[in-house]
**Q** 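Pasting a structure here, questions to come.
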Amino acid sequence: MSGTRAEGTRTHCPYCSLQCGMRVVGHRTPEVKAWAEFPVNAGALCRKGWSATGLVGSRERLTTPLLRDRGTGEFTPVSWDEALDVVAAGLARAQRAGGADAVAVFGGGGLTNEKAYALGKFARTVLRTSQIDYNGRWCMSSAASAGSRAFGIDRGLPFPLADVEQTDVLVLVGSNLAETMPPAARHLDRLRERGGRVVVVDPRRTATAERADVFVQPVPGTDLALALGVLHLLVAGGHVDEEYVAARTTGFAEVRDSVSAWWPERVERVTGVPAGQVRELAALLGSRQGSTGERAAVTVLTARGAEQHSTGSDTVLAWINVALALGQCGRPYGGYGCLTGQGNGQGGREHGQKADQLPGYRSIEDPAARAHVAGVWGVEPGSLPGKGRSAYELLTALGTEGGPRALLVHGSNPVLSAPHATRVVERLEALDLLVVCDLVLSETAAIADVVLPVTQWAEESGTMTNLEGRVLLRQRALTPPAGVRTDLEVLAGLAQRLGSTVAMPTDPEAVFTELRAASAGGPADYAGITWERIREEQGVFWPCPEVDHPGTPRMFTRSFAHPDGRARFHVVDHRGPAEVPDADFPVHLTTGRVLAQYQSGAQTRRIRELPDTGPFVEMHPLLAMRLGTADGEQVRVETRRGSMVAPARVTGTIRPDTVFVPFHWAGANRLTNDALDPASRMPEFKACAARVGLP
Ligand code: SF4
């Protein structure tokens with residue numbers, strides 16, 4: 001229900017995948033209030049959520065389309081008609097010269113399901129280009145790839161988040177949820193009050209690690225080896241749930257053999273984690289409960305720290321192997337899940353803005369899927385393009401021989417968020433036409449030829465799918481400023497100018513109705529979810545094939561999604577990061593987030609209530625002493641790709657061989673490595689070799 005005038009409008013936060021419920025009260029100076037009944041956050045918000053209306057009425061808000069003069073670099077305000085005419089002419093010109101794939105589209109994991117769906121449809125039917133991908137590729141794709149291979153389907157959490165309170169042992173690998181999604185941290189506290197144990201695996205002693213019973217601090221990029229060592233000990237200690245493995249999985253024998261050489265001392269040599277602590281961790285995971293002697297319920301959750309590596313999907317598979325060997329997946333209060341990052345990271349990867357996907361998490365290479373979706377769109381299946389390039393490969397192909405010459409960007413800021421960012425900026429600048437739809441002049445918009453000002457979250461309605469697979473209605477609470485349009489209106493305006501006969505509705509509910517039909521029968525089946533239902537029911541979990549279907553909060557209780565109903569073990573081995581420290585670049589560099597900022601910071605850095613500290617270089621006192629620097633002094637971090645200067649933040653919470661730089665400000669991604677995971681095409685944001693010195 002939308003709520004009374006005094007209650008305001010019930011809606012959801014614009015930022016992370018928890019999609020906290022909130023009420024927005026008032027219009028001219030709107031305020032965020034708690035929505036206590038919404039179960040995921042029960043009224044709690046982090047400071048980003050409380051200040052989410054901070055961009056309403058901001059002077060930085062774009063309210064008119066802008067055209068940039070390449071000679072002077074100056075922007076000129078123009079009418080919508082003129083801007084859309086320029087864009088349509090530029091797209092048509094690029095395609096006349098270079099074919100359909102000369103135009104590319106880049107989306108975002110924060111776009112609503114309706115926008116992600118419309119973007120994929122626009123690319124495949126109006127532009128007929130295969131060149132579409134999105135920044136979610138850099139967020140959850142390794143877990144998505146591993147989940148699909150192990151379980152036959154990818155839903156970040158296959159159970160409600162609150163289930164983790166009931167588990168006995170929770171292992172968080174590479175997640176700092178106390179800072180990235182603080183309202184979720186209450187589940188850790190309740191779990192511990194019940195007597196459960198929390199394990200945090202992270203190269204930094206984060207706020208989440210402070211709440212842990214066991215803190216494991218491996219070298220960046222070695223989580224996989226730790227999982228191999230844990231499984232080795234579980235096998236050796238007789239802790240494998242043989243009955244479950246025989247009844248519900250395939251491939252264990254090969255995996256058991258593959259971990260036989262991962263004894264704890266070898267794990268220590270690779271990961272830096274003491275052999276005794278590896279034994280302690282395995283004993284905890286294999287433990288039995290008090291008088292009943294029942295197997296402990298174990299939940300393993302991974303996040304970006306484990307996933308954003310060139311070995312990210314194998315790392316996730318290694319931890320899934322641990323959860324499967326313990327007989328946990330599909331069992332009450334146990335299993336494996338991924339803590340998705342971006343607001344619609346889950347829905348954004350289900351409905352067609354990913355290079356290899358059609359709506360409903362269908363494969364673009366599956367003839368039956370193509371026929372189904374083409375039928376909904378009213379086009380011939382043969383007219384749909386095939387699979388395109390992944391996000392980083394797409395960006396680095398821009399303006400090259402045979403690569404796209406024009407790019408449309410929706411809901412993304414790759415100038416800051418792409419790895420090896422200097423290379424990406426060069427490619428963006430080589431384009432004949434760069435078009436950016438955004439609400440502020442982000443770093444990417446600032447180098448665009450055309451900037452189209454679009455509505456922000458509270459000014460439009462749409463659905464989001466949170467980290468649990470819960471489909472939510474984010475209701476419009478505010479009137480958009482004069483002069484802005486929705487992304488759906490932008491796409492419809494371009495489709496019309498390009499002479500397309502394919503319908504591009506601008507009413508988000510109508511788009512969702514079409515999405516339901518397109519997803520029907522697919523892995524992520526939304527057919528039974530209506531806006532009316534989610535307005536009343538506080539979200540419905542997919543798959544939900546019929547309107548009288550209750551939705552699926554818990555998956556895999558009886559079978560997995562592979563045709564034989566069994567989960568798959570996968571043999572994986574430690575390879576380590578693509579780049580490791582050497583004499584020239586002797587320390588590990590890792591990147592991540594801070595509490596008060598979100599992603600590239602395009603929005604949060606412009607909100608007054610959120611502290612904008614600027615970038616910093618976190619390092620251990622021993623490293624600072626070796627460099628002859630102190631807290632607050634400027635240092636230079638350099639990798640084979642670039643360098644940045646920022647103040648040192650000296651703390652004993654990080655490994656002495658590692659430095660950390662947050663990625664919300666320019667600099668961090670000039671340093672990061674663009675080595676890609678072979679399965680997910682995830683870049684290695686979390687580990688590379690660096691040197692640190694005085695500027
Ligand atoms: Fe909730 Fe995430 Fe928004 Fe914070 S940023 S209020 S944790 S949805």
Side-chain angles (χ1 to χ4, degrees), residues 8-25 30-56 108-113 136 139-140 156-157 160-162 164 172 175-189 206-208 211 301 303-304 337-348 411 417 456-458 462-475 477 538-539 592-607 609-612 662-664:
T9 304
R10 291 171 190 172
T11 189
H12 296 272
C13 176
Y15 304 118
C16 86
S17 66
L18 205 55
Q19 280 301 290
C20 293
M22 58 169 61
R23 294 179 297 124
V24 174
V25 181
E31 283 181 64
V32 171
K33 302 275 187 195
W35 174 10
E37 298 77 24
F38 185 68
V40 177
N41 58 311
L45 297 168
C46 75
R47 63 168 82 164
K48 296 189 288 291
W50 288 119
S51 61
T53 53
L55 275 177
V56 174
L111 298 176
T112 60
N113 289 319
C139 196
M140 298 75 49
L157 291 183
L161 182 60
V164 304
L172 292 167
S175 165
N176 182 13
L177 63 75
E179 285 200 68
T180 54
M181 46 180 71
R186 73 189 192 284
H187 299 306
L188 309 191
D189 298 337
T206 60
T208 312
R211 294 165 117 112
L301 300 180
R304 306 303 81 71
C338 151
L339 291 163
T340 294
Q342 294 190 80
N344 199 27
Q346 182 68 51
S417 59
Q456 66 167 324
W457 113 105
T463 62
M464 305 285 280
T465 304
N466 83 345
L467 76 173
E468 309 165 288
R470 186 194 298 254
V471 186
L472 308 159
L473 182 59
R474 201 156 78 178
Q475 303 198 98
Q538 304 182 347
R593 291 167 53 184
V594 299
L595 193 155
Q597 297 293 329
Y598 180 69
Q599 300 298 88
S600 77
Q603 293 167 68
T604 48
R605 281 186 280 116
R606 291 175 164 87
I607 290 182
E609 295 90 326
L610 295 175
D612 183 355
F663 63 71
H664 311 292

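Any value given below was found using the heavy atoms of this structure, including those in side chains, with hydrogens, waters and symmetry copies removed. As the structure lists them, so they are numbered: ligands from 1, and atoms in each ligand from 1.
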**Q** Anything under 3.5 Å between a donor and an acceptor, one on a side chain of residues 13-22, the other on a protein residue two or more places apart or in another chain? List them.
**A**
{"unit_1": "Ser17", "atom_1": "OG", "unit_2": "Thr340", "atom_2": "O", "d": "2.4"}
{"unit_1": "Gln19", "atom_1": "NE2", "unit_2": "Cys13", "atom_2": "O", "d": "3.0"}
{"unit_1": "Gln19", "atom_1": "NE2", "unit_2": "Cys16", "atom_2": "O", "d": "3.0"}

**Q** Is it the case that the side chain of Glu31 and the backbone of Val25 share a donor-acceptor pair, with hydrogens and angles ignored and the cut-off at 3.5 Å?
**A** no
**Q** Using every non-hydrogen atom in the two residues, find where Arg474 and Thr11 come nearest and quote the distance to one decimal.
**A** CG-OG1, 3.2 Å
**Q** Taking atom CE of Met181 and atom NZ of Lys48, what is their separation to the nearest 0.5 Å?
**A** 9.0 Å
**Q** Spell out, as yes or no, whether a donor-acceptor pair under 3.5 Å connects the side chain of Gln346 to the backbone of Gly469.
**A** no
**Q** Give the ring-plane orientation class for His12 versus Trp35, where under 30° counts as parallel, over 60° as perpendicular and anything between as tilted.
**A** tilted
**Q** Around atom 1 (Fe) of ligand 1, what protein N, O or S atoms are found below 2.8 Å?
**A** Cys20 SG
